[in-house]
Protein chains: 2
Amino acid sequence: MPPTVFIVDDDPSVRKSLERLLRASGFTTQAFASAEDFLACRPCQNPKEPACLVLDVRMPGISGINLQQKLAKTGIILPVVFITGHGDIPMSVQAMKDGAIDFLPKPFAEKELLAAVEQALTKAARLQEETAEKAEIHRRVNTLTPREYEVFRWVITGMLNKEIAAELRVTEKTIKVHRARVMQKMAAASLADLVRLAEKIGIASEKRSSSGN
Amino acid sequence: MPPTVFIVDDDPSVRKSLERLLRASGFTTQAFASAEDFLACRPCQNPKEPACLVLDVRMPGISGINLQQKLAKTGIILPVVFITGHGDIPMSVQAMKDGAIDFLPKPFAEKELLAAVEQALTKAARLQEETAEKAEIHRRVNTLTPREYEVFRWVITGMLNKEIAAELRVTEKTIKVHRARVMQKMAAASLADLVRLAEKIGIASEKRSSSGN
DNA sequence: TTGTAAATTGGACCTTAGTCCAATATCTTC
DNA sequence: GAAGATATTGGACTAAGGTCCAATTTACAA
């Protein structure tokens, strides 16, 4: 199944020609007449395969810019390529600030659109991969008990078991047990791996309490 | 010393009013009539303090867009705020793709420019900090001997000393010595720290050779 | 040729980490 | 009230990492 390009444009003729062009280039397409219509399509917003969105800036109801912002806010991975007939500079700047791949005023060369779509799909693939990786790590973290999680955050600071034990006011033995479980649950073969897992999801490591806490 | 805002615009009256506005807002300013003039100012391109650039897009000689690209290519940290009297959408899109903070068509509200400059300076500060940190790590890496560097890359994979020793066809004892030196030279208090240092500068860790290699 | 940096190894020893056993105390929940 | 999860600890080992000592070999530069 080729990657999907969603199209949202209120002009039927534009939708038609975009679909023709993109399908001819080997993409799967799905077109909508408005942002509302697109938002009504639930599965469209959680594509398993990399996908992207070719979006008209100016539409009745929810604007393209607005739709882009909504999607970004909900963490949906759908890089956007804007097209527009009557755009202006502030609009294009806002779109780019919000992470748009490109912003093409009509008329544009087919080549330009295709290049932008390719780039958008590449980015979608990368983001999906990264997101999936993080989700998997979070899944593992969620299997940790509160205490294990606490020990986890201490371990990745590089502190010795005995130091962590003193910090948590338990014996070193206890830390060893928790630590072993953390390694197992996080599927980390080594401390180096564990540290990298923590870095990937941006876990704030504990800070050594001074003196008697 | 307040942060510096460099101004490059071929129109003397624009330079003058920009300088007035920015100085009144508490910034140090330094204005140039052309990209060439700015490039001739060596110290301007390696500011110790965070600085940014307010840049006219369209100028005789090297254009603003072009200047931005040149600076980026040489790794100079100078976030750009574009201003323009006769810009178009493709121009603004290109500028944003190249990392511009904002792109303001004239006439713009003073508030807009100031907000963009603030943001540019914030970004400059962050980039300078990150760059400095990386530079310091690289400095340490460069004090490693070739063999130490090699061991370094193996250590951060999480492999045991004996495994690394087998990989490099030396005794475990040798690895221990190199490893200790690596920790010392890299100023890492623990393996966790060492891994994080490596991650920060994106060091590719070694890959275990299969079988007899 | 001599000095220096780099790479290698050994011995002796101590400190840490990890593992397999088992046991106890709480607390929540069905 | 009993089952199950969580947190804690102990004993007894094994193995892995780190340290302080010293020594040899090689290669390159002064």
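Naming convention: chains lettered A, B, ... in sequence-line order (proteins, then strands); numbering from 1 in each chain. Below, each value reflects all heavy atoms present in this structure, side chains not excepted, and no hydrogens, waters or symmetry copies.
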Can you establish whether the number of heavy atoms outside A/R181 located under 6.0 Å from its atom CZ is more than 12? no
In whole Å, what is the span from the CG atom of A/L168 to the P atom of D/dT9? 10 Å
Test side chain to side chain contact (heavy atoms under 4.5 Å, CB included) applied to B/L18 and B/L113, B/D11, B/T29, B/V117, the passing residue: B/L113
Let me know the distance between CD of A/E148 and C1' of D/dA5, rounded to the nearest Å. 10 Å
Nucleotide D/dC28, atom C1' - distance to CZ of B/R147 in whole Å: 18 Å
Reckon A/T171 has a side-chain N or O less than 4.0 Å from the OP1 or OP2 of D/dT9? yes
Using chain A heavy atoms and a threshold of under 4.0 Å, write down where along DNA chain C the contacts begin and end, 5' to 3'. C/dT16 to C/dC20
Between D/dA22 (C1') and B/K173 (NZ): distance, integer Å: 10 Å
Looking only at heavy atoms, the pair that brings A/K48 and A/Q128 closest together is O-OE1, 3.1 Å
Is the phosphate of D/dA5 approached by A/T145 (side-chain N or O, under 4.0 Å from OP1 or OP2)? no
Quick one: B/K176 NZ to D/dT19 P, roughly how many Å, whole number? 10 Å
How close do A/I101 and A/A116 get, heavy atom to heavy atom, and via which atoms? CG2-O, 3.7 Å
Please state whether the phosphate of D/dT9, meaning OP1 or OP2, lies under 4.0 angstrom from any side-chain nitrogen or oxygen of A/T174. yes
CG of B/N161 versus C1' of D/dA16: gap in Å, rounded? 8 Å
Give the rounded distance in Å between these two atoms: CG of B/L194 and P of D/dG18. 10 Å
Tell me whether the OP1 or OP2 atom of D/dA7 has a side-chain N or O from A/H178 closer than 4.0 Å. no
Please check if atom CD in B/E136 has more than 12 non-hydrogen atoms from other residues, nucleotides or ligands closer than 6.0 Å. yes
Is atom NZ of A/K97 surrounded by more than 12 heavy atoms (other residues, nucleotides or ligands) closer than 6.0 Å? yes
For A/K185 and for A/E172, locate the closest nucleotide of DNA chain D by heavy-atom distance; then report the residue assigned to the nucleotide nearer the 5' terminus. A/K185
So, are B/R196 and B/E199 salt-bridged, with charged N and O less than 4.0 Å apart? no
Toward the 5' end of DNA chain C, by each residue's nearest nucleotide, B/V177 or A/M183: B/V177
Rounding to a whole Å, what distance do you find between B/R179:CZ and D/dG18:C1'? 9 Å
